[in-house]
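Atoms within a ligand are numbered from 1 in the order they appear, just like the ligands themselves.
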Amino acid sequence: MIAIITGATSGFGRASAIRLARLGYDVIITGRRSERLAELATEIEGQYGRKVYILCFDIRNREACEKAWESLPEEWREVDVLMNNAGLAACSEPIGEASLDDFDRMIDTNVKGLLYFFQQVIPVMKARKKGMIINLSSIAGVEVYPNGNVYCATKHAVSALTKAMRIDLLPYGIRVGSISPGAAETEFSLVRFKGDADKAKAVYKGMIPLNAEDIADIVEFMVTRPEHVMINDVLVTPARQANTYVYNRE
Ligand code: NDP
Ligand code: 8X3
């Protein structure tokens, strides 16, 4: 069994790559930070005895996505699970006040990048008439919140694409689902607030946020369902979060 996880250098992607290796998958791990990919490969190979293939590229770059896939040896191409996870929020400002560069980063990564890489992987799954796709959407793909604007729009797009993939890939027996988490403490907020650790920490003040292992648990649940079961979406929040903007903080 082979799984590809995009954005495996941190957070959900890293934890899920380890979890999938523990479940017996050889894993293809992707991201831009080569040192972290190498560290993760050493950890997985050493602790779980699974094979790891590293693809280091920027998912926003269409040509880089194509070249990454072309560079993959034939024996790695029969992918059973594709986890489209790489993504980010680049800002948190009212619409009309945020930078268009930040909007570009989110649209290029979360929507276009997901499609660029998906396009490479899907022909093999279609030819094999099997496979599972797990898209990392968000509660922000279900509802919007103040200053979430374009990030929410990209995650609404991921949710729409998940539903569209499920329809178009149905004849091929490919199962498509998404995970839609609420607040989870990873590097997500540090990236969103451009390295400001205090602002990032404040997001989770007065509650226990989700963590990367919580999401890996859901990935494990999805991939271990019998073949006749397709999990469409798992919407999950910390116990102290009711929707995108109502929290019960201590
Ligand atoms: P992290 O910041 O911890 O991880 C993000 C991953 O995406 C990293 O591995 C990063 O790798 C990769 N990535 C980002 N940009 C690019 C790029 N241009 N090219 C290649 N890889 C890229 O965040 P999370 O683990 O929290 O987020 C994972 C996914 O989950 C995202 O899609 C996010 O939107 C979504 N999500 C997160 C929630 C949260 O509260 N944390 C809640 C709901 C959804 P590198 O930097 O090495 O390229
Ligand atoms: C990340 C969760 O609520 O910050 O997708 O948008 S939220």
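- Comment: Glu185 engages Lys201 in a salt bridge, judged by a side-chain N to carboxylate O separation of less than 4.0 angstrom.
- Here the heavy atom of the protein found nearest to atom 12 (C) of ligand 1 is Gly7 CA, 3.6 Å.
- Within the 4.5 Å cutoff, side-chain heavy atoms of Thr109 are placed close to those of Ile59.
- Checking only distances, Asp58 does come within under 3.5 Å of ligand 1, N or O to N or O.
- Distances below 4.0 Å separate heavy atoms of Ala8 from the following atoms of ligand 1: 9 (O).
- Remark: ligand 1 atoms within the under-4.0 Å shell around heavy atoms of Gly182 are 40 (O), 42 (C).
- Residue-ligand proximity, Ala184 to ligand 1, at heavy-atom distances under 4.0 Å covers atoms 39 (C), 40 (O), 41 (N).
- No option in Ser137, Ser178, Ser138 other than Ser137 meets the side chain to side chain donor-acceptor pair (under 3.5 Å) test with Ser159.
- For a threshold of 3.5 Å applied to N or O pairs, the pair formed by Pro181 and ligand 1 contains no separation below that value.
- Judged purely by atom type and a 3.5 angstrom limit, Arg77 uses its side chain to pair as donor or acceptor with the backbone of Glu70.
- Residue Gly11 has at least one heavy-atom neighbour below 4.0 Å for each of these atoms of ligand 1: 3 (O), 25 (O).
- Distances below 4.0 Å separate heavy atoms of Phe57 from the following atoms of ligand 1: 19 (N), 20 (C).
- At least one cation-pi condition fails for Arg50 and Tyr48: the charged atom is not both under 6.0 angstrom from the six-membered ring centre and inside a 45 degree cone around its axis.
- For Gly113, the closest heavy-atom approach to ligand 1 does not fall below 4.0 Å.
- Proximity of a side-chain donor or acceptor of Thr244 to a complementary backbone N or O of Val144 within less than 3.5 Å is detected.
- If you check which protein heavy atom lies closest to atom 3 (O) of ligand 1, you get Ser10 OG, 2.5 Å.
- Among all protein heavy atoms, the one lying closest to atom 8 (C) of ligand 1 is Thr9 OG1, 3.4 Å.
- For ligand 1, the polar-atom distance check against Gly31 finds no nitrogen or oxygen pair separated by under 3.5 Å.
- Of the residues Phe12, Tyr151, Phe193, the one that meets the ring pair (Phe, Tyr, Trp, His ring centres under 6.0 Å) test with Phe188 is Tyr151.
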| Check against side-chain contact (heavy atoms from CB on, under 4.5 Å), Glu75 and Ile2 | CA-CA 10 Å; Glu75 68 269 23; Ile2 297 176; over 6 Å; no
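- Under the 3.5 Å distance criterion, the side-chain polar atoms of Arg192 are matched with a main-chain donor or acceptor of Cys91.
- The residue Pro209 has no part lying near ligand 1, judged by heavy-atom distances below 4.0 Å.
- For atom 33 (C) of ligand 1, the closest non-hydrogen atom of the protein is Tyr151 OH, 3.7 Å.
- For the pair Tyr204 and ligand 1, the shortest N or O to N or O distance does not fall below 3.5 Å.
- Nearest non-hydrogen protein atom to atom 36 (N) of ligand 1 is Phe12 CE1, 3.6 Å.
- Between the side chain of Asn84 and the backbone N or O of Thr6 there is no donor-acceptor pair closer than 3.5 Å.
- Every N/O-N/O distance between Gly13 and ligand 1 stays at or above 3.5 Å.
- Residue contact annotation: Ser180 has no non-hydrogen atom under 4.0 Å from ligand 1.
- By the 3.5 Å distance cut-off applied to N or O atoms, Ile59 is counted among the residues near ligand 1.
- At a heavy-atom cutoff of 4.0 Å, ligand 2 is contacted by the side chain of Arg192 but not by its backbone.
- Those atoms of ligand 2 that come under 4.0 Å of a heavy atom in Ala140, given as number and element, are 6 (O).
- Listed for the Glu220 side chain is no donor-acceptor partner under 3.5 Å among the backbone atoms of Arg19.
- On a distance-only criterion, Thr244 and ligand 2 share no N/O pair closer than 3.5 Å.
- Residue, atom and distance of the protein heavy atom nearest to atom 23 (O) of ligand 1 are Thr186 OG1, 3.5 Å.
- Atom 31 (C) of ligand 1 has as its closest protein heavy atom Asn85 O, 3.2 Å.
- Considering only non-hydrogen protein atoms, atom 2 (C) of ligand 2 sits nearest to Ser138 OG, 3.7 Å.
- In summary, Asp80 and Arg128 engage in a salt bridge, as defined by a charged side-chain N under 4.0 Å from a carboxylate O.
- Nearest to atom 35 (C) of ligand 1 by heavy-atom distance, out of Met83, Lys155, Arg32, Arg36, is Lys155.
- At the top of the distance list for atom 21 (N) of ligand 1, counting protein heavy atoms only, stands Ala86 CB, 3.8 Å.
- From the protein, the heavy atom lying nearest to atom 7 (S) of ligand 2 is Tyr145 OH, 3.5 Å.
- Considering only heavy atoms from C-beta on, Ser10 comes within 4.5 Å of Arg33 through its side chain.
- The pair Lys126-Asp168 does not count as a salt bridge, with every side-chain nitrogen at least 4.0 angstrom from each carboxylate oxygen.
- Within the 3.5 Å criterion, the main-chain N or O of Ala90 finds a donor-acceptor partner in the side chain of Lys194.
- For Asn232 (side chain) and Met230 (main-chain N/O), a donor-acceptor pair under 3.5 Å exists by modelled atom type.
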